[in-house]
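In what follows, every chain begins at residue 1, and chains take the letters A, B, ... in the order their sequences are listed. The model shown is predicted, which means the values in this text are computed figures rather than measured ones.
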Amino acid sequence: MLAQIEGSKAIAEAVARCRPEVVCAYPISPQTHIIEAIGVKVKSGELAPCEFINVESEFAAMSVSIGASAAGARAYTATASQGLLFMLEAVYSAAGLGLPIVMTLANRAIGAPINIWNDHSDAMAARDTGWILLFAESNQDAVDLHVQAFKLAETLSVPVMVCMDGFILTHAVEGVDLPDQENVDAFLPPYVPRQVLDPDQPVSIGAMVGPEAFEEVKYLAHLRQLDALALIPRIATEFSESFNRDAGGLVRGYRMEDAETVVIAMGSVLGTLKDAIDLRREAREKIGALGITTFRPFPEAAVADALRSATRLVVLEKAVNPGGRGVLASDVALSVPRSPLSSVIAGLGGRPITRASLEAMLARAASGDLPAVTFLDLDEAAVAAERARLADVT
Amino acid sequence: MDTPFAITLPVGTSRANHTGSWRVERPVYVDRLPPCNNACPAGENIQGWLYAAESGDYESAWRTLIEDNPLPAIMGRVCFHPCETTCNRVRVDEAVGINAVERFLGDTAIAHGWSLPGPGADTGTHVLVVGSGPAGLSATYHLRRLGHRVTLVDGAAQLGGMMRYGIPAYRLPRAVLDAEIARIIDLGVEVKLNHRVDDVEAERVEGHFDAVFLAVGAQIGRRVSVPAGDSSRIIDAVNFLHAVADDDPPLLGRRVVVYGGGDTAFDAARTAKRLGATDAVIVYRRNREKMPASAEEFEQALGEGVTMRWLSTVSSFEGDRLMVEKMALNADGFPEPTGEFEELDADALLLALGQDTDLSLLEGHPEVTIDHGVVQVAPSMMTGLAGVFAGGDATPADRTATVAVGHGKRAARGIDDYLNGRKTILPPKHDLAAFENLNTWYYADAPRTRRPELEKVRRQGTFDEVIQGLTEENALFEARRCMSCGNCFECDNCFGVCPDNAVVKLENNRYEFNYDFCKGCAICVAECPCGAIQMVPEKI
Amino acid sequence: MTRRPIRFYQVGSFAVGNRLLEDEERTVQSDAKRTNSIDSGHRACQGCGEALGARYALDAAMRATNGQLAVVNATGCLEVFSTPYPETSWRIAWLHSLFGNAPAVATGVAAAMRVKGRDVRVIGQAGDGGTVDIGFGALSGMFERNDDVLFICYDNEGYMNTGVQRSAATPPAARTATTEVVGPHPGNVFGQGKDLPRIAMAHDVSYVATATVADLHDLEAKVDKAMSLHGARYLHILVPCPLGWGSASSDTIHLARLAAESGLFPVFEAEHGVVTSVTPIRRRVRVEEYLRRQKRYAHLFATEPATDVIARLQAMADANVARYHLVNDETANSDLEA
């Protein structure tokens, strides 16, 4: 069913069709419209049976989800930015306990300075939590990734975070093909937990594990992530067969057929990037893009395979690793160790990444004078002034 | 359930971890000797029969009681209950009314016609018991239970000794006395009344007795020389009470003075009151603290109008004028004459200055030691004369019916050992269950049930029983006040308070420790209400 | 009133069991077939009050719910000593996530059970640190939402698992590793700390009660009462800690009793923010009797006893006695039934 709809509301529709049984809500921009819309569905009885719980913090949101999931309910919540950091301890706990919770992360910058606009800094904090992190390029993509996320999570007993750019996607109204309920039901069977808190079959979930087994537990989690790398494309294929469109998977290439220069990126910036690449292609530049859909586990083999003929790599990302190159850049570099790579940091705190800026950056890349690390569209004067002020102390 | 490795664990797995290895001391269940049992001259298992009574099983309680003492209805009336004096409950609120419950059980047994356990298999041996007071009856009972034949002889016309001829009926109704004596005689006892034994050895040879138990009592009133115009008005209290028991009371007049401070003095004064005396004055040479009579008897006597003249001795009795000299206690607590005199009006003087025993039947046997007027005996109760045993008031001990009952039991066992060629070995006593061993928190505060007293007016003119028995409800309540010192009574505390679930509750409602898991914290010891657990070091 | 009537038996109502009572009138703990929610082999210290308190409360809850119970446990001693891989001591459905989130996790479990249509009741539990400090936000949230969870705090007055540090439940003057016996005011300071039962009452939840491991009948009655109600409920159980309090392992129950009998730990229950009954003091004791048996207060009884500090602690006990009316004239026999 095609609809002109705000991204958040589209996510709410998609999540509701996945029949979550417990949904926790704690407001943080730009995630609020998602949980508000689900709340209406629960309160009106449209989504039932479902417990919608207004909690007192993100920490509680994830904790309630942990309890619900451990007791056998399909649990969903959404957060962003500081909220993710506040719940981070519980985010690790959910993964460690193998609970297939699905959470939307409406990507937003991390303070200080406080900033409510989009970048990917928050997701980077969840990089090593043991969650699967999927990045949506568009609202259609976000909708489809959520449907796949539940299946992926429950098949593996691993929680899944679907990342979508705050405001840029969450608040954008565009045409989205919402999956029909019966198709979702056919695609996503009811949740059958691998372990469940049940007085009729009592077990102790969440034991203390000492040095004698902790490494094995973590190694098994590592292997589970490798299993995910195999399962994600299969679920994407299955989805495509059920819904007649492509979504998900590990990576997605754009005009990669003979690309010498490849720009690697995640999220909504891929849309602008593709426009820029189209323009560069018109100028006969052999350039393409590689979108990373599955950021965690990082699909090293798929990335290496996609980039096997590229000679120049540019990683464009909305997160910073102060003093180093970008986080995604590091992951890509590990996947293709011998390729020259430029790390471009852009769009922090909601700064627009314009096609013009990208084109200029790509031109520099083509001419080989893009530095190892670039912050795109800097206000050089402001930087220079502050550096001058600090000169005395450094 | 398909559970993930390590983070999810199946129930019951911790039992593989035997925490008992942490322990340096282990708890063990013990039976400590309750102070009541320890104090009972008859050696009753008081805690044991109270335990049975607590559940309302009075017959079982009575049967436990009569293992040691066949006269509970009598003892429940006349015993001075040292058990209650030592009862640990005194330090919580008041002693358990053991004596009252004993009487309740005794009376209930009489009312229901419960019989004593039958005699043991006949041993073919024959024992002569001389004297049918509490010692003689007790020995008879225990000897019959052991299978020995018994001939019981008494110089009086009826059985019972001082229980009949010394204790007034208002303290011990004759129906009760007769019922408990009859039950013993029903075990098959040859009885010879009005039969005085003058020479024990001659009696033994003549009757072919294999052993003899002497329980001849102390029935001779001690005399003092009181200058008197008419000595017929000076009467031994013992003889007086005997005559009353024979329903042939002497005429005393309206004003009666009793000289003495023991229970006999009070029995005499109270009896005199009942026979019509308007004044009954007890003259005693020392003070209240030094007086041997029981507190209960004293209180009851005062309640009946008996008056006291403390620190006084009788110096003469001329006409109806009785002269007393006032005394003063010296530094050692002994009374000394002061030279001050007073006159009392009196129609009769009853002497209650103690009793002596008639041991003429032992004359001519130098191996028998008689000291201070009583026969010396071994722990088996045997005198210096082989096969001749003695007990009760004729032997050195407190002269109470309960002591006599205990002697009878011990002598019966001594005789049994003697007849079987065994040396008598007294069983070792358990450690005493001291108050400090208890955790009295667990005992609900509950006042002692009082035995109702006959209205004072009614008791002045009659020999009706003064102290009434407990109702069943009260007896049950009183029994349940027992703290079961030193003996498990299945309160489940050890089972409940163990943080390691290392106490196992058994089918029989008793417990055992599971030393695989007991860490030796000793909470069970601290929280055992009755002190029936103790810690002992582990062997390391 | 939840308190059971005092029945006078050989040992009256205060012992665990009583052979003279019908089975259904006895405590859960006297039943040879009790759940033993936390089983033998756990690694709690000798004489652990928390292990005991947890078994008392959860066994009672298991009976009250006919076994349909799930328990969420915060990090802490109780969690660490009960579930070291590969052994668990729990015989019930049990879940542990984090130190500060047990109330929220319990909310989630309750929500799942409700949405699944299962009549499974939920208990969240933590030590005092997990309750009054790090878990306080989650607990307050659970309370105000009136989630269908009974939360039990096993209060041993400090962070014992990490080596006896101060919590907001540590009483004044008590020595902990972070309130050492140094300086002009040794031990924990006066005028701080949280009274969580009263805070819980301020949330207007249906039921708040305090109890100790020294009065099993009272504790079980309160668990029964709590499980008969729905919505958020709170039970605060004092569980002495031989390690942290510096007391004899055999003294655990005795100390809990003295805490209550001195008035320092008032035992009461409240419904919807109103105190509905108190467990009266039977044999009142001075606070010294309680304090002296614990090394954490040893500095109060040095060569020069700290009479001023002891007097302040006595004043706290007296204030509790006054606030909750813990002493009445007929305390000893108030509910006595023959």
**Request:** Verify, without hydrogens or angle tests, whether C:Lys116 (side chain) and A:Gly72 (backbone) share a donor-acceptor contact under 3.5 angstrom.
**Result:** yes
Working to the nearest 0.5 angstrom, can you tell me the gap between [X] [atom1] and [Y] [atom2]?
| X | Y | atom1 | atom2 | result |
| --- | --- | --- | --- | --- |
| A:Tyr92 | C:Leu98 | OH | CG | 12.5 Å |
| C:Thr88 | A:Met208 | OG1 | CE | 13.0 Å |
| A:Ser204 | C:Trp94 | OG | CH2 | 6.0 Å |
| A:Met62 | C:Asn101 | CE | CG | 11.0 Å |
| C:Thr83 | A:Ile205 | OG1 | CD1 | 12.0 Å |

Pairs of heavy atoms under 4.5 Å with chain A: top-ranked of [options]:
| options | result |
| --- | --- |
| C:Ala106, C:Ala70, C:Gly100, C:Ser82 | C:Gly100 |
| C:Arg114, C:Glu144, C:Met113 | C:Arg114 |
| C:Ala110, C:Ala138, C:Pro103 | C:Ala138 |
| C:Pro84, C:Ser89, C:Ala104, C:Ala112 | C:Ala104 |

Under 4.5 Å from a heavy atom of chain A, the part of [X] involved:
| X | answer |
| --- | --- |
| C:Ala111 | both |
| C:Val115 | both |
| C:Glu79 | side chain |
| C:Arg118 | side chain |

**Request:** Indicate the atoms forming the closest heavy-atom contact of C:Leu95 with A:Ala70, along with that distance.
**Result:** CD2-CB, 3.6 Å
Under a 4.5 Å heavy-atom cut-off, does chain C meet the side chain of [X], its backbone, both or neither?
| X | result |
| --- | --- |
| A:Val22 | side chain |
| A:Cys24 | neither |
| A:Ser57 | neither |

**Message:** Does either side chain, that of C:Ser97 or that of A:Ser93, offer a donor lying less than 3.5 Å from an acceptor on the other one?
**Reply:** yes
**Request:** Would you kindly say whether C:Gln68 and A:Asp200 are connected by a side-chain donor-acceptor distance under 3.5 Å?
**Result:** yes
**Prompt:** Near A:Asp128 CG, under 6.0 Å, is it more than 12 heavy atoms from other residues, nucleotides or ligands?
**Reply:** yes
**Request:** Begin with the C-alpha distance, continue with both residues' side-chain angles, and end with the deciding distance and a verdict on side-chain contact (heavy atoms from CB on, under 4.5 Å) for C:Val105 and A:Val64.
**Result:** CA-CA 5 Å; C:Val105 175; A:Val64 171; over 6 Å; no
Check whether any side-chain heavy atom of [X] sits under 4.5 Å from a side-chain heavy atom of [Y], and report yes or no.
| X | Y | value |
| --- | --- | --- |
| C:Arg145 | A:Glu56 | yes |
| C:His96 | A:Leu97 | no |
| C:Leu69 | A:Pro199 | no |
| A:Ile53 | C:Thr107 | yes |

**Message:** Under a 4.5 Å cutoff for heavy-atom pairs, which residue among A:Gly210, A:Pro49, A:Ala75 has the most contacts with chain C?
**Reply:** A:Pro49
